[in-house]
Amino acid sequence: MKRILFFGIILILSSCKEKVSPEDLTLLNGYWEIEQVNLPNGETKAYSVNTTVDYIQIKDLSGFRKKVYPQLDGTYDTSNDSEHFELTEKPEGYEFHYKTELSEWTEKLNSLQADSFSVTNIDNITYTYKRFQPINVQK
């Protein structure tokens with residue numbers, strides 16, 4: 001009986017996760033690095049060091065994501081390539097819809113806080129990001 005009660009409480013708590021509000025979406029603005037990737041087979045890949053960082057800018061449910069390369073002086077190198085997206089609200093939350101000259105794909109926004117967010121793609125791969133903290137070695 002205790003076991004059933006325990007699993008019932010866990011089920012209730014896990015189903016009560018907060019839904020991302022339209023106001024929360026501005027938290028996506030800024031620099032992000034991949035913290036870990038969860039694969040469909042249960043494998044998790046942790047990323048302790050990243051040579052590239054994603055810069056995300058969003059306004060009015062559309063925006064872009066661009067790869068940037070942090071430099072030791074606190075600046076960023078970048079290319080002119082960027083991935084534009086539209087956000088759509090679904091009953092279960094928001095989805096990113098990307099379209100480039102080469103491809104189209106969708107990612108489901110699972111969670112969003114000021115210092116982290118996660119998305120899952122069509123292949124059921126979940127990417128967890130953390131807010132990037134630059135390392136400045138200037139004296």
Set out, in order, the CA-CA distance, both residues' side-chain angles and the distance that settles side chain to side chain contact (heavy atoms under 4.5 Å, CB included) for L109 and F117, then state yes or no. CA-CA 8 Å; L109 181 60; F117 76 95; 4.0 Å; yes
To the nearest 0.5 Å, what is the distance between [atom1] on [X] and [atom2] on [Y]?
X	Y	atom1	atom2	value
H97	E104	NE2	CD	10.5 Å
I122	T106	CD1	OG1	7.0 Å
L27	I58	CG	CD1	10.0 Å
E43	N38	CD	CG	10.0 Å
K108	N110	NZ	CG	5.0 Å
T128	K130	OG1	NZ	11.5 Å

Under a single-linkage definition using a 4.5 Å side-chain heavy-atom cutoff for Ile, Leu, Val, Met, Phe, Trp and Tyr, are Y98 and W32 assigned to the same hydrophobic cluster?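 Yes: a chain of side-chain contacts under 4.5 Å links Y98 to W32.
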Going hydrophobic residue to hydrophobic residue with side-chain gaps under 4.5 angstrom, can you get from W105 over to V119?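 Yes, W105 and V119 fall within the same hydrophobic cluster.
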Kindly determine whether Y55 and Y76 satisfy ring pair (Phe, Tyr, Trp, His ring centres under 6.0 Å), including the steps that lead there. CA-CA 10 Å; Y55 175 73; Y76 300 91; 8.2 Å; no
Work out which heavy atom in [X] is nearest to a heavy atom in [Y]; give both atom names and the distance.
X	Y	result
K90	E95	CE-OE1, 3.4 Å
F64	S82	CD1-CB, 4.1 Å
I34	Y129	CG1-CE2, 3.5 Å

Apply salt bridge (charged side-chain N to carboxylate O under 4.0 Å, His left out) to the pair R65 and E83, showing each step before the final yes or no. CA-CA 5 Å; R65 179 171 69 177; E83 300 167 337; 3.0 Å; yes
Fit a plane to each ring of F96 and F85, take the angle between them on a 0 to 90° scale, and name the class: parallel (under 30°), tilted (30 to 60°) or perpendicular (over 60°).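 Because their plane-to-plane angle is over 60°, the rings of F96 and F85 count as perpendicular.
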Residue among T75, T78, D77 satisfying side chain to side chain contact (heavy atoms under 4.5 Å, CB included) with V68: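 Only match with V68 under side chain to side chain contact (heavy atoms under 4.5 Å, CB included): T78.
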Please name the residue in the list T88, L25, L112 that meets the side chain to side chain contact (heavy atoms under 4.5 Å, CB included) test with Y94.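 Going through the options one by one, the only one that passes is L25.
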Tell me, please, which residues at least two apart from S116 pass side chain to side chain contact (heavy atoms under 4.5 Å, CB included).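 Side chain to side chain contact (heavy atoms under 4.5 Å, CB included) check on S116 returns Q113.
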Is a side-chain donor-acceptor pair under 3.5 Å present for [Y] with [X]?
X	Y	answer
Q71	Y69	no
N29	T26	no
H84	S62	no
T126	S118	no

Expected output: side-chain [X] to main-chain [Y] donor-acceptor under 3.5 Å:
X	Y	result
S103	T100	no
D123	I125	no
K66	S79	yes
E35	E33	no
N50	T52	no

Is the number of heavy atoms from other residues, nucleotides or ligands within 6.0 Å of CG (N80) greater than 12?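 Counting neighbours around CG of N80, 12 or fewer heavy atoms of other residues, nucleotides or ligands fall under 6.0 Å, so no.
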Check D54 with K67, please: is the shortest side-chain N to carboxylate O separation under 4.0 Å?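 Result for this pair is yes, salt bridge flagged.
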Got a sec, which residues hit ring pair (Phe, Tyr, Trp, His ring centres under 6.0 Å) with F132, two or more places apart in sequence or on another chain?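 Checked F132 against ring pair (Phe, Tyr, Trp, His ring centres under 6.0 Å); zero matches.
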